[in-house]
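What follows is a single structure, written as structure tokens, with notes after it.
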2 protein chains.
Amino acid sequence: MAERLTRRQAELLGWLREHAPRLPHPPTLDEACRGLGLRSRGSLHKHVQALVAAGLLEPMNGRQRGLVLAAGRRPEPTPATPDARPTGAVLPLLGRVAAGRPIEALEDDATIEVGAEWAGRVDHYALTVRGDSMIDEGIHDGDIVVVQHCSSARNGQIVVALVDGVSATLKRIEQQYGRVVLHPANSSLQPLVVEPDRVTIRGIVKGLIRRYG
Amino acid sequence: MAERLTRRQAELLGWLREHAPRLPHPPTLDEACRGLGLRSRGSLHKHVQALVAAGLLEPMNGRQRGLVLAAGRRPEPTPATPDARPTGAVLPLLGRVAAGRPIEALEDDATIEVGAEWAGRVDHYALTVRGDSMIDEGIHDGDIVVVQHCSSARNGQIVVALVDGVSATLKRIEQQYGRVVLHPANSSLQPLVVEPDRVTIRGIVKGLIRRYG
DNA sequence: CAAGGTGTTCTCCATTCGTTCTCTGTGCGA
DNA sequence: TCGCACAGAGAACGAATGGAGAACACCTTG
């Protein structure tokens, strides 16, 4: 029973975990074949049987569209990868940052799980990006940026900046003598030039996470 | 009793849940037939009986307009995903993908730690992006893309595509009848139009990770 | 009463889909 | 080199599913 999954079995399991929750009905073997790039139901069926035997799939018993993940009774925490338990980090997701508006607070204790490279960074937090003001930097609406809380920055860094205490924006910063230029990365927007004491830096963008549908 | 609903039974149930509350009377079998695109009362009736047997519909007992949802005693709790895994995941970092060149293999067992949203996705891997061919999509040189291993894609998705078995590229795919258009997201590059059998899809881009200095 | 609407049951049919089988190929270790 | 585990293709079979249509019983309405 403690059999190790083969590569293909693990791929099938991963595909099901990914797709099954979003499908209106459990998939057929043919659909799973297409999902995995197979052409033969029969081949896939062998992998299905192995997963059923491992307790990871419900027995199909001839039922059509019977490709259903076993109910969670089986702990079996993701075998497949014999990984060295790389605990990810949980950062607070503080809200949204957009051009021209303050950070909207999200419902409290929203969090996002990020890669382990951010583990232990207690001075980091995450924001959801609204708007396209940084699109030329590849920061799109809906992306999540990882921000290090920090009140100063080097020129060229992308910062969360408050102007006059409001209007949190994501901008590339350029600090010159006697003035600060906040560059949007969107050719249809103008740089903002303000006196240094009107600008508050709230953090430096250190990472970006995006998910595609 | 614990039988799973078939596709059609589930569709009928969904139709009833959507429409019944807005109708002045419970629908007749014929009305439900039209709603589901059926022509035969008899066929629909079989599905109705199955739902009655499952306790999801009130027994009609010959009553006219007797198609009534069973009283809400059956909440049918969306199984959802039983796992709330707060652990990060390790994906293999297979190499680099660029416009016009095959995937360069990296030294073996290079890995990257990603957020827990990718945990258990054994069919996912990561690639480092080289070049600017997708810059208008916000995918920059040096970014890391998370790719789901997959051999087919829907139009509009960003895929890792091989043309003639070589030249792994990151492109937005558009599959038309008899041809495939691979769109770079860079206004200085032209879309690539090829026959479907020359294109091999190696995966679908599902996520993006960037780190700023 | 007749007519039409409606639920019920039945038979017949087509397609989908799970299952099993054989055959092939590949990589790996003894 | 052989054997074995893994992987895939494809054919064939039968069960599950889904549908059409006819026939009938019951009811309401004119």
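Since the structure is predicted, the reported quantities are computational estimates derived from the model, not experimental observations. In what follows, chains are A, B, ... by sequence order, proteins preceding strands, each numbered from 1.
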Exercise. Whole Å only: how far is the CD atom of A/Glu58 from the P atom of C/dG18?
Worked result: 15 Å
Seminar exercise, completed: Between CG of A/Asp30 and P of D/dG8 the distance, given in whole Å, is 15 Å
Exercise. Is A/Arg8 near enough to D/dG8 that one of its side-chain N or O atoms lies under 4.0 angstrom from OP1 or OP2?
Worked result: yes
Seminar exercise, completed: To the nearest angstrom, the CE-C1' distance between A/Met60 and C/dT16 comes to 12 Å
Problem set entry | d(CG, B/Leu44; C1', D/dT17) in whole Å | 14 Å
Exercise. Looking at A/His45, does any N or O in its side chain come under 4.0 Å of the phosphate oxygens OP1/OP2 on C/dG18?
Worked result: no
For this session: Could you tell me whether a side-chain N or O of A/Arg211 sits under 3.5 Å from a main-chain N or O of B/Leu208, the two making a donor and an acceptor?
Result: no
Exercise. Given C/dG7, D/dA16, D/dA9, which nucleotide is nearest the side-chain atoms of A/Gln64?
Worked result: D/dA16
Exercise. Can a side chain N or O of A/Arg63 be found less than 4.0 Å away from OP1 or OP2 on C/dC17?
Worked result: no
For this session: Could you tell me whether A/Gly62 contacts a base, only the sugar-phosphate backbone, or nothing, with contacts defined as non-hydrogen atoms closer than 4.0 Å?
Result: sugar-phosphate
Problem set entry | Length of the line joining A/Lys46:NZ and C/dC21:P, which is rounded to integer Å | 12 Å
Exercise. To the nearest angstrom, how far is A/Glu31 atom CD from C/dG18 atom C1'?
Worked result: 13 Å
Exercise. Reckon A/Thr6 has a side-chain N or O less than 4.0 Å from the OP1 or OP2 of D/dA5?
Worked result: no
Problem set entry | Polar pair under 3.5 Å, donor/acceptor by atom type, side chain B/Ser40, base D/dG21 | yes
Problem set entry | Distance in angstrom units between B/Leu36 CG and D/dA20 C1', rounded | 16 Å
Exercise. Short question: side chain of A/Glu137, backbone of A/Met134 - any donor-acceptor pair under 3.5 Å?
Worked result: no
For this session: With heavy atoms under 4.0 Å as the rule, sort A/Arg41 into base, sugar-phosphate or nothing.
Result: base
Exercise. Hey, are A/Arg65 and A/Glu31 close enough for a salt bridge, meaning a charged N less than 4.0 Å from a carboxylate O?
Worked result: yes
Exercise. Side-chain donor-acceptor pair under 3.5 Å between B/Asn155 and B/Gln175, yes or no?
Worked result: yes
For this session: Nearest whole angstrom, please: distance from the P of C/dC17 to the CZ of B/Arg7.
Result: 8 Å
Problem set entry | Distance below 4.0 Å between B/Gln49 side-chain N/O and C/dT9 OP1 or OP2 | yes
Problem set entry | From A/Asp143, A/Val147, A/Ile158, residue fulfilling side chain to side chain contact (heavy atoms under 4.5 Å, CB included) relative to A/Leu170 | A/Ile158
Exercise. Using a cut-off of 4.0 Å on non-hydrogen atoms, how would the nucleic acid contact of A/Leu29 be classed: base, sugar-phosphate, or nothing?
Worked result: base
Exercise. Does B/Ser43 have a side-chain nitrogen or oxygen under 4.0 Å from the phosphate oxygens OP1 or OP2 of D/dG21?
Worked result: no
